[in-house]
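Heads up, the thing below is written out as structure tokens.
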Amino acid sequence: MVQPIFSLADVHYSYEKTIPALRGLSLDIHRGERTAVIGANGSGKSTMLALLDALIFPDAGSMHFDGRPITPAAMRDAAFQREFRLRVGYVFQNPDVQLFCPTVREDILFGPLQLGVPTAEIDRRFERVVDLFKLAPLLDRSCHHLSIGEKKKAAIASVLVIEPEVLLLDEPTAGLDPQTTRDIIAVLQEAHKNGKTVIMATHDLHIVEEIADTIHVFGTGRAIIRSGTSEEILEDREFLQNNNLVHILVHRHRHGGHIHEHVHEHIHEHEKGVEDSKDSKDSKESN
Ligand SMILES: Nc1ncnc2c1ncn2[C@@H]1O[C@H](COP(=O)(O)OP(=O)(O)OP(=O)(O)O)[C@@H](O)[C@H]1O
Ligand SMILES: [Mg+2]
């Protein structure tokens, strides 16, 4: 059998030894696979990504990358650490954690410089990501004064510029406008075509099918409660509803002067829509 790029076996992790975040997580991720992890707030998605990026390590259980154990000792080996950082890139949920240089330009260049990528190669990649996200007007700006969407783009660019073979992305499209969301979907599809492995946490179920083949669902017990193809999981509305992954909305439509209500599931996570629908319940039919 082909060796997985990442393999987690019965991983447990608690913050400060007292706040459980993962309880018995096992999964294999294969090269070139596109994986989405979904689940309620606090179910352990970001924690899993931090483990995969070797920022934290399991309290119990094991994790392997390309057949090699990932442990604090393994990461203290400078050669291995450099190889790992070149091969695995992580886009944090919060771009403020990712961006710390005085300007966007320096933030994008930081990773490749730190990892010793040759200068000519850095120039080529820099131009590519700047073009991709149309970042030219922002390069000399301070990251702290960018809009949230601009920060997110700069953060993703600062990881893509390393050209890692595995991309870990935490909520890559949260808070982005439709065009920027499309841009990111296109970037992830391109990465997939080039053989990259993409692992992402997301609440944006309406785009999952375009960017993931496999979905793992995290439950409140902080372990995977179900895994399957994107199609299979997204089609199981009952399961999604029972696990609080889709909203039930009451939509109002005007037909011939009357307003009718239809109940249907809503796959976005926008709370505003839910509030609107609650209001609309009160007026069954109006003119
Ligand atoms: N730095 C931290 N210190 C203490 N507890 C933490 C820390 N980060 C996360 N936790 C806790 O660990 C659990 C899992 O959190 P995690 O951030 O992995 O969830 P998540 O699925 O990514 O949630 P969200 O959808 O809100 O991003 C939660 O109970 C959370 O409160
Ligand atoms: Mg998270």
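Just so you know, ligand 1 is whichever comes first in the structure, and atom 1 is the first atom listed for that ligand. These values consider heavy atoms only, across backbone and side chains, with no hydrogens, waters or symmetry-generated copies.
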Part of Ala201 within contact of ligand 1 (heavy atoms, under 4.0 Å): neither

Side chain to side chain donor-acceptor pair (under 3.5 Å) between Asp170 and Ser46, worked out: CA-CA 7 Å; Asp170 204 340; Ser46 295; 2.5 Å; yes

Minimal non-hydrogen separation, Lys151 against Leu99, with atom names: O-CD1, 3.6 Å

Closest protein heavy atom (residue, atom, distance) for atom 28 (C) of ligand 1: Gly42 O, 3.7 Å

Protein contact of atom 9 (C) of ligand 1 - nearest heavy atom, named by residue and atom, plus distance: Tyr15 CE1, 3.3 Å

Atom 6 (C) of ligand 1 touched by protein heavy atom at under 4.0 Å: yes

Face-on cation placement of Arg68 at Phe80 ring, 6.0 Å and 45° thresholds: no

Aromatic plane relationship, Tyr15 with Tyr13 - under 30° parallel, 30 to 60° tilted, over 60° perpendicular: perpendicular

So, does [X] sit close enough to ligand 1 that a heavy atom of it is under 4.0 Å from the ligand?
X	value
Met48	no
Ala50	no
Gly44	yes

Within-2.8 Å protein N/O/S contacts of the Mg ion (ligand 2): Ser46 OG, Gln93 OE1

